[in-house]
Q: 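Quick one: the structure is below, and I'll ask about it shortly.
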Amino acid sequence: MEPSTPAPPLPELPLQELECFAVLVHQLHFGRTAQRLGVSQGRVSQLIKRLEGRVGAPVFRRTSRRVELTELGGVLAEQVVPAFERLREGYDAARARAATAEPLRLGFQCAVYEPVARVIAGLPEGATQLVELPWADPFSRLARGEVDLAIVLGPCREPGLEVLMSFSRQPVHVAVDAALYPPAVEAVGAEELAALALIEPRGPAPAYWRQVHAPRRTPDGRTLSYPAGAVTLQEGLSMVAGTGRGLLLCERSTTYVRRPDLRFLPVPGLEPTDLVVVQREGRPHRLTAGFVTRLAGKVG
């Protein structure tokens, strides 16, 4: 049996140059094409010149006022542009299918804040699955592997968990009954908290975390009292309404939990709080790196 003759190698396709060509066909403007591709205008000119060198003749006619296809360029466009559109559609469909096959399970506390929502909106539909985490238990579901990534109030010093970034540093406010605090009252000093019966998060949250979000003493050493507790923020706010109790929360959260029967007053003298993005050590989801990079771009 005679050995089979190896098939000749497939000719290399200049994909970058053809993609640039396809975009320029639509835009007929080097500057807009550069913006669409995220490259410099000089790079667009370079890619088109290289394509023309490979083809052997000009595919665009350029003047100081306009860009138009040559006859050869028109023939090439009839084949290349539809092919690239199908290629892009197929690639995007594959990415979307892969993303929804194993979505990023994203845990959050209190609310999905605006920059986080914008990152989610930029991902393929179904790529993320949102899971609300209790106010009083920010880390348990992540530690058990029930979510892949958590955006929670910091700090996090849990063994086996890794903080990827910190953002949204916010001053502390206190939620109080609107009937007991008229509009003339614009703030509650840190030392004044000692006169309030406060509501704390009651759950598995570690002691160091609770000390930040439900401190036991004022900066001057006065004891703070927490006769009541809640598992969720909404539960805690319901306990504030109609009583003389107070609940500490970050300024950003106040914009998502507005109620006509409550007021949210700044507490000068307390340390601001942060949000942290946390994952389990050594077990990153394949979408985690891209998600964190996009989020850093939104908040940076």
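Residue numbers start at 1 and run along the sequence shown. Just so it is clear, the model here is predicted, and its values are computed rather than measured.
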Q: Dump the intermediate steps for salt bridge (Lys or Arg N to Asp or Glu O under 4.0 Å) on R88 and E19, then the final yes or no.
A: CA-CA 10 Å; R88 174 61 66 186; E19 180 183 27; 3.1 Å; yes

Q: Count the heavy atoms belonging to other residues, nucleotides or ligands that lie under 6.0 Å from CD of E271, then report whether that count exceeds 12.
A: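 At most 12 heavy atoms, drawn from other residues, nucleotides or ligands, come within 6.0 Å of this atom.
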
Q: With a 4.5 Å heavy-atom cut-off, do K298 and V119 have their side chains touching?
A: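 The answer is yes, as the side chains (C-beta and beyond) meet within the 4.5 Å cut-off.
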
Q: Count the heavy atoms of every other residue, nucleotide or ligand shown that sit under 6.0 Å from CD of E68, and state whether that count exceeds 12.
A: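 Enclosed.
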
Q: With a 4.0 Å cut-off, would you call R216 and E200 a salt bridge?
A: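 Yes, charged N to carboxylate O under 4.0 Å.
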
Q: What distance do L76 atom CG and L51 atom CG have between them, rounded to the nearest 0.5 Å?
A: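 L76 CG to L51 CG: 6.0 Å, rounded to 0.5 Å.
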
Q: Donor-acceptor check, side chain of H213 to backbone of G154, threshold 3.5 angstrom: yes or no?
A: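 Pair found, side chain donor or acceptor close to backbone of G154.
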
Q: Does some side-chain heavy atom of T128 sit less than 4.5 Å from a side-chain heavy atom of P103?
A: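 With C-beta onward as the side chain, the pair stays apart.
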
Q: Please answer: with hydrophobic residues joined when any side-chain heavy atoms are less than 4.5 Å apart, are Y181 and M239 in the same cluster?
A: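 Each belongs to a different hydrophobic cluster.
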
Q: Using a 3.5 Å distance criterion without hydrogens, assess whether the side chain of E235 forms a donor-acceptor pair with backbone atoms of V231.
A: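 Present.
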
Q: Do Y208 and E158 pair up side chain to side chain, a donor and an acceptor below 3.5 Å, judged on atom types alone?
A: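 Their side chains do contain a donor-acceptor pair, which is all the 3.5 Å distance test asks for.
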
Q: When you measure from the side chain of E162 to the backbone of V278, do you find a donor-acceptor pair of N or O atoms at a distance under 3.5 Å?
A: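 Checking the backbone N and O of V278 against the side chain of E162, no donor-acceptor pair under 3.5 Å is found.
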
Q: Look only at the side chain of R222 and the backbone of A195, and say whether a donor-acceptor pair between them is shorter than 3.5 Å.
A: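 No, R222 side chain to A195 backbone: no donor-acceptor pair under 3.5 Å.
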
Q: Evaluate side chain to side chain contact (heavy atoms under 4.5 Å, CB included) for D274 paired with L153, printing each intermediate quantity in order.
A: CA-CA 6 Å; D274 299 277; L153 292 162; over 6 Å; no

Q: Using a 3.5 Å distance criterion without hydrogens, assess whether the side chain of S140 forms a donor-acceptor pair with backbone atoms of D137.
A: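 Pair absent, no side-chain N/O of S140 close to backbone of D137.
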
Q: Do Q170 and T273 have side-chain atoms, one donor and one acceptor, less than 3.5 Å apart?
A: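 No.
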
Q: Are side-chain heavy atoms of L133 and R141 found at a separation under 4.5 Å?
A: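 Of all side-chain heavy-atom pairs linking R141 with L133, at least one is under 4.5 Å.
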
Q: Under 3.5 Å, is there a donor on one side chain and an acceptor on the other for H29 and Q41?
A: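 Result is no, nothing qualifies.
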
Q: If I take atom CG from residue L149 and atom CG from residue L287, how far apart are they, to the nearest 0.5 angstrom?
A: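 CG of L287 is found 10.0 Å from CG of L149.
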
Q: Do T223 and R217 have side-chain N/O donor and acceptor atoms under 3.5 Å apart?
A: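 Looking only at side-chain atoms, R217 and T223 do form a donor-acceptor pair, the distance falling under 3.5 Å.
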
Q: I'd like to know if V174 and V257 are part of one continuous hydrophobic network [Ile/Leu/Val/Met/Phe/Trp/Tyr, side-chain heavy atoms within less than 4.5 Å].
A: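 In one cluster with V257: V174, no.
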
Q: Between L247 and F264, is there shared hydrophobic-cluster membership here, with clusters defined by ILVMFWY side-chain heavy atoms closer than 4.5 Å?
A: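 Yes, same cluster.
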
Q: Considering residues at least two apart in sequence or located in another chain, which fulfil the side chain to side chain donor-acceptor pair (under 3.5 Å) criterion with T254?
A: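 By the side chain to side chain donor-acceptor pair (under 3.5 Å) rule, T254 matches no residue at all.
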
Q: Please assess F60 against F21 for the test ring pair (Phe, Tyr, Trp, His ring centres under 6.0 Å), listing each intermediate value before the final yes or no.
A: CA-CA 9 Å; F60 287 101; F21 171 79; 5.4 Å; yes

Q: With a 4.5 Å limit on heavy-atom distance, are the side chains of L265 and V185 in contact?
A: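 Contact flag for L265/V185 side chains = yes.
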
Q: If I compare all heavy atoms of L72 with all of A57, which pair ends up nearest, and what's the gap?
A: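 Heavy atoms of L72 and A57 come nearest at CD2-CB, 3.6 Å.
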
Q: Of all heavy-atom pairs between R105 and G145, which one has the smallest distance, and what is that distance?
A: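 Nearest pair, atom of R105 first, then G145: NH2-O, 3.0 Å.
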
Q: Just checking, is any N or O donor in the side chain of Q16 or R43 under 3.5 Å from an acceptor N or O on the other one?
A: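 Distance-only check passes for Q16 and R43.
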
Q: For A205 versus R210, what's the shortest heavy-atom pair and its separation?
A: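 Looks like O-CD, 3.1 Å.
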
Q: Should S238 and R259 count as side-chain neighbours, where that means a heavy-atom distance under 4.5 Å?
A: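 They are in contact (side-chain heavy atoms under 4.5 Å apart), so the answer is yes.
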
Q: If you take all heavy atoms of W135 and L248, which pair is closest and at what distance?
A: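 Nearest pair, atom of W135 first, then L248: CZ2-O, 4.1 Å.
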
Q: In the single-linkage hydrophobic clustering (I, L, V, M, F, W, Y; side-chain heavy atoms under 4.5 Å), do L104 and F139 co-cluster?
A: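 Yes, one cluster joins them.
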
Q: Using a 4.5 Å cut-off on heavy atoms from C-beta on, say whether the side chain of E114 contacts that of Y256.
A: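 Yes, their side chains come closer than 4.5 Å.
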
Q: For residues R263 and P182, report the shortest heavy-atom separation together with the two atoms involved.
A: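 Closest pair (atom of R263, atom of P182, distance): NH1-O, 2.6 Å.
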
Q: Compare all side-chain heavy atoms of V152 with those of L275 and state whether any distance is below 4.5 angstrom.
A: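 No - every pair of side-chain heavy atoms lies 4.5 Å or more apart.
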
Q: Is the side chain of T293 donor-acceptor paired with the backbone N or O of A289 at a distance under 3.5 Å, no angle test?
A: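 Between the backbone of A289 and the side chain of T293 there is a qualifying donor-acceptor contact (under 3.5 Å).
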
Q: Stepwise, does the side chain to side chain donor-acceptor pair (under 3.5 Å) test hold for T218 with E191?
A: CA-CA 6 Å; T218 69; E191 300 306 315; 2.6 Å; yes

Q: Apply side chain to side chain contact (heavy atoms under 4.5 Å, CB included) to the pair T288 and V292, showing each step before the final yes or no.
A: CA-CA 6 Å; T288 293; V292 173; 4.2 Å; yes

Q: Taking everything shown except R36 itself, do over 12 heavy atoms lie less than 6.0 Å from its CZ?
A: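 Incorrect, the count does not exceed 12.
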
Q: To the nearest 0.5 Å, tell me how far C156 SG sits from L164 CG.
A: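 Here the interatomic distance stands at 10.0 Å.
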
Q: Check the surroundings of atom CZ in R144: do more than 12 heavy atoms from other residues, nucleotides or ligands lie under 6.0 Å from it?
A: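 Yes, CZ of R144 has more than 12 neighbouring heavy atoms, counting only those of other groups under 6.0 Å.
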
Q: If every non-hydrogen atom of P58 is compared with every non-hydrogen atom of E52, which pair is closest and at what distance?
A: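 Shortest heavy-atom separation between P58 and E52 comes out as CA-OE2, 3.4 Å.
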
Q: Could you measure the distance from the CD atom of E251 to the NE2 atom of H173? Nearest 0.5 Å is fine.
A: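 Output value for this atom pair is 4.5 Å.
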
Q: Return the SG to CD distance between C250 and Q109, rounded to the nearest 0.5 Å.
A: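 That separation rounds to 9.5 Å.
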
Q: Is it true that a side-chain atom of D177 and a backbone atom of G244 form a donor plus acceptor pair closer than 3.5 Å?
A: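 Side chain of D177 to backbone of G244: no pair is present.
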
Q: Run F30 and S45 through side chain to side chain contact (heavy atoms under 4.5 Å, CB included) and show every step you take.
A: CA-CA 7 Å; F30 278 71; S45 296; 3.5 Å; yes

Q: Less than 4.5 Å apart, side chain to side chain, heavy atoms only: is that true for F108 and V116?
A: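 Sidechains of V116 and F108: no contact.
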
Q: CG/L15 to CG/L87 distance, rounded to the nearest 0.5 angstrom?
A: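 Nearest 0.5 Å value for the CG-CG distance: 7.5 Å.
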
Q: Is there a path of hydrophobic side-chain contacts, each under 4.5 Å between heavy atoms of I/L/V/M/F/W/Y residues, joining L193 to V172?
A: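 Yes, V172 connects to L193 through the hydrophobic network.
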
Q: Decide side chain to side chain contact (heavy atoms under 4.5 Å, CB included) for R280 and L161; before the verdict, give the C-alpha distance in whole Å, the side-chain angles of both, and the deciding distance to 0.1 Å.
A: CA-CA 4 Å; R280 287 193 296 166; L161 300 185; 3.8 Å; yes

